[in-house]
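Presented below is the structure to which this report refers.
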Amino acid sequence: MTRWYSFPCKIQELQLSITLVCGQSFRWRESSPGLWTNVLEGKLWTLRQDDSAVYYTVTDPDDASDALGSVTHLEAGDFSKHACSESDDKYEAVLRDYFQLDRANLTALYEHWGTADPNFRKVAVDFAGVRILRQDPVENLFSFICSSNNNITRISGMVEKLCSEYGKKLLECGGIDYYSFPSVKSLAGEGVEDRLRELGFGYRAKYIAQTASYIAENHSELWLYSLRDRPYLEAKAELMKLCGVGAKVADCVCLMSLDKSGAIPVDTHVWQIAAASYMPQLKQKKSLTDSTYQEIGNFFRDLWGDYAGWAHSVSVLFCLQAQ
DNA sequence: TTGTGACCTACTCC
DNA sequence: AGGAGTAGGTCAC
């Protein structure tokens, strides 16, 4: 029997429907209306929320008693039939960490950004509760190496292939196999580049294989995690030594898995936003140079403050919606 | 330093 | 039907 847990959480602090699919993580699926499913820390999670709480189930493949009780799917009205326990401390701690609920008060941050920036205030109306996730650095890094010059649909498919090809199968549920994200070591194996080429990764196949080999030979996965304890610019410089990791991807990893809340990935959208609404002098620039890249990041950090990277993600949503 | 073009693929548009 | 254009960049001149 699947057990549902819950903890109190206002929608202004966390909106799952936007946060989970706005291009931070490429693995969350809406397995049934209002239910979000993904693998986290080797377990299968399904989340749901209402105005006042987040509800969740966890299936641990190592726990035999769980194996048959997975729920990624509910018929209408099913939810009320499930008993809902208050919470399980260790599971709740995983989610609180992933959503950074104890790190940042989003309501206060929106207030701060809106006060500092009238443009932000307009955006915030439509996009409450958008948070930066605290992702696993390995998954975050390799997913965003896939993102270059690419679209979200294809990126998601590539990440899925990475998992089914090189990850570990955790369990099957509702006819779907769920995998862990591959380790650096498994991506550093023989023939990975050729295989990824076959799977349609294009030139990113080389980036993935080389980056994995480089980390496996010169560092370790722990090294990647340890960048959480280094200053922003140092962590970014380290990441940019990796093949296929330029300024934008490095900033994505800094922001989304290495705790650098001020990192601003300047992609084509951010460049457009900056030129259109904040820095008109950029309109005459033909391309995004290194110095312009830095100039844009510094501008927004100055405007929005320490959590500028978080505010930036909300603004990008507005830009995408406007298209 | 800044500017250009190539790089893989899949999907959209005409 | 099929070619051009493009999508949350990076690397090499």
Side-chain angles (χ1 to χ4, degrees), chain A residues 18-28 123 127 130 132-133 135 139-162 165 192-215 236-257 260 263-277 279 281-298 300 308-323:
Chain A
I18 305 176
T19 301
L20 296 180
V21 293
C22 64
Q24 298 186 57
S25 165
F26 300 99
R27 290 229 284 165
W28 286 97
V123 171
F127 299 104
V130 180
I132 294 297
L133 304 170
Q135 301 189 62
E139 174 171 340
N140 191 208
L141 172 63
F142 287 97
S143 297
F144 277 85
I145 286 177
C146 294
S147 76
S148 78
N149 201 344
N150 210 344
N151 58 70
I152 290 187
T153 310
R154 187 173 164 219
I155 299 165
S156 302
M158 287 163 71
V159 171
E160 208 165 282
K161 284 176 190 166
L162 231 35
E165 193 75 12
V192 169
E193 178 178 346
D194 291 343
R195 180 61 184 144
L196 293 180
R197 282 255 173 198
E198 285 173 11
L199 290 172
F201 280 61
Y203 57 79
R204 302 164 198 83
K206 185 178 80 174
Y207 293 165
I208 290 169
Q210 285 196 7
T211 287
S213 299
Y214 179 85
I215 295 176
K236 180 174 174 180
E238 283 297 309
L239 291 171
M240 287 180 68
K241 292 178 185 169
L242 304 170
C243 183
V245 180
K248 192 268 178 178
V249 170
D251 272 329
C252 285
V253 178
C254 280
L255 174 65
M256 301 174 190
S257 63
K260 315 308 179 206
I264 302 207
V266 180
D267 56 27
T268 53
H269 302 306
V270 176
W271 186 29
Q272 280 174 34
I273 294 169
S277 307
M279 307 166 74
Q281 71 275 23
L282 296 182
K283 285 177 183 166
Q284 58 201 25
K285 302 275 183 184
K286 281 180 228 162
S287 62
L288 184 60
T289 62
D290 287 350
S291 77
T292 303
Y293 185 104
Q294 290 189 39
E295 199 187 334
I296 293 173
N298 289 336
F300 284 123
W310 291 45
H312 125 282
S313 73
V314 179
S315 296
V316 170
L317 282 169
F318 186 76
C319 172
L320 292 172
Q321 177 210 44
Q323 283 181 347

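Per chain, numbering begins at 1; letters A, B, ... match sequence-line order. The figures here come from the full heavy-atom set of this structure, side chains too, leaving out hydrogens, waters and symmetry mates.
- Distance CG (A:Asn151) to C1' (C:dA7): 5 Å, rounded to an integer number of Å.
- As the counterpart of B:dC11, C:dG5 is assigned, both hydrogen-bonding distances of the Watson-Crick or G-U wobble pattern falling under 3.5 Å.
- A:Leu317 comes within 4.0 angstrom of nothing in the nucleic acid, heavy atoms only.
- Taking atom P in both C:dG8 and B:dG5, the straight-line distance is 22 Å, to the nearest Å.
- For A:Leu196 and B:dC7, the CG to P distance is 20 Å, given to the nearest whole Å.
- Using a 4.0 Å cut-off on heavy atoms, the residues of residues 289-298 of chain A that approach DNA chain B are A:Thr289, A:Ser291, listed by number.
- Ring planes of A:Phe127 and A:Phe318: perpendicular class, angle over 60° (limits at 30 and 60°).
- Looking at every heavy atom in both residues, A:Thr19 comes nearest to A:Gln24 through O-NE2, 3.6 Å.
- Closest to the side chain of A:Asp267, out of C:dG9, B:dT4, B:dC8, is C:dG9.
- The residue A:Val316 sits close to a base: some heavy atom pair falls under 4.0 Å.
- Out of C:dG9, B:dA10, B:dT4, the shortest distance to the side chain of A:Arg154 is found at B:dA10.
- Among the heavy atoms of the strands lying under 4.0 Å from A:Arg197 are primed sugar atoms or P, OP1, OP2 only; no base atom is included.
- With rounding to whole Å, A:Leu239 atom CG is found 11 Å from C:dT10 atom P.
- Remark: A:Ile208 CD1 to A:Ser213 OG distance equals 11.5 Å, nearest 0.5 Å.
- Here the straight-line distance linking atom NZ of A:Lys285 with atom CD1 of A:Ile296 works out to 10.0 Å at 0.5 Å rounding.
- How far CG of A:Asp267 is from NE2 of A:His312: 6.0 Å, rounded to the nearest 0.5 Å.
- Base pairing of B:dT4: its partner is C:dA12, meeting the Watson-Crick or G-U wobble criterion (both donor-acceptor distances under 3.5 Å).
- If you check every strand for non-hydrogen atoms under 4.0 Å, A:Gly23 touches a base.
- With contacts defined as side-chain heavy-atom distances shorter than 4.5 Å, the pair A:Asp251/A:Tyr293 qualifies.
- Distance A:Leu141 CG to C:dT10 P: 12 Å, rounded to the nearest Å.
- Residue A:Cys243 is in sugar-phosphate contact alone, with no base atom involved, counting any heavy-atom pair closer than 4.0 Å across all strands shown.
- Residue contacts shown for A:Ala247 are limited to sugar-phosphate atoms, with no base heavy atom under 4.0 Å away.
- A:Cys146 comes within contact range of no nucleotide atom at all, as no heavy-atom separation falls under 4.0 Å.
- Rounding to whole angstrom units, CZ of residue A:Arg204 and C1' of B:dA6 are separated by 13 Å.
- Taking atom CG of residue A:Leu199 and atom P of nucleotide B:dC8, one finds them 16 Å apart after rounding to whole Å.
- As rounded to the nearest Å, B:dC8 and C:dC13 have P atoms that lie 15 Å from one another.
- Note: A:Phe144 and A:Phe26 meet the aromatic proximity criterion, with ring centroids under 6.0 Å apart.
- Taking the P atoms as reference points, B:dA6 lies 14 Å from C:dA4, given to the whole Å.
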For A:Arg27 and A:Gln135: C-alpha separation, side-chain torsions, deciding distance, then whether side-chain contact (heavy atoms from CB on, under 4.5 Å) applies.
CA-CA 11 Å; A:Arg27 290 229 284 165; A:Gln135 301 189 62; over 6 Å; no
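- Between A:Thr292 and A:Leu282, the shortest heavy-atom distance links the atoms CG2-CD2, 3.6 Å.
- Taking atom CG of residue A:Asn150 and atom C1' of nucleotide B:dT12, one finds them 15 Å apart after rounding to whole Å.
- Residue A:Ile152 is classed as a base contact, given a heavy-atom separation below 4.0 Å to a base.
- Between B:dG3, C:dT10, B:dC8, one nucleotide has an atom nearer to the side chain of A:Ser148 than all others, and that is C:dT10.
- One atom, CD1 of A:Ile208, and another, P of B:dT9, lie 13 Å apart when rounded to the nearest Å.
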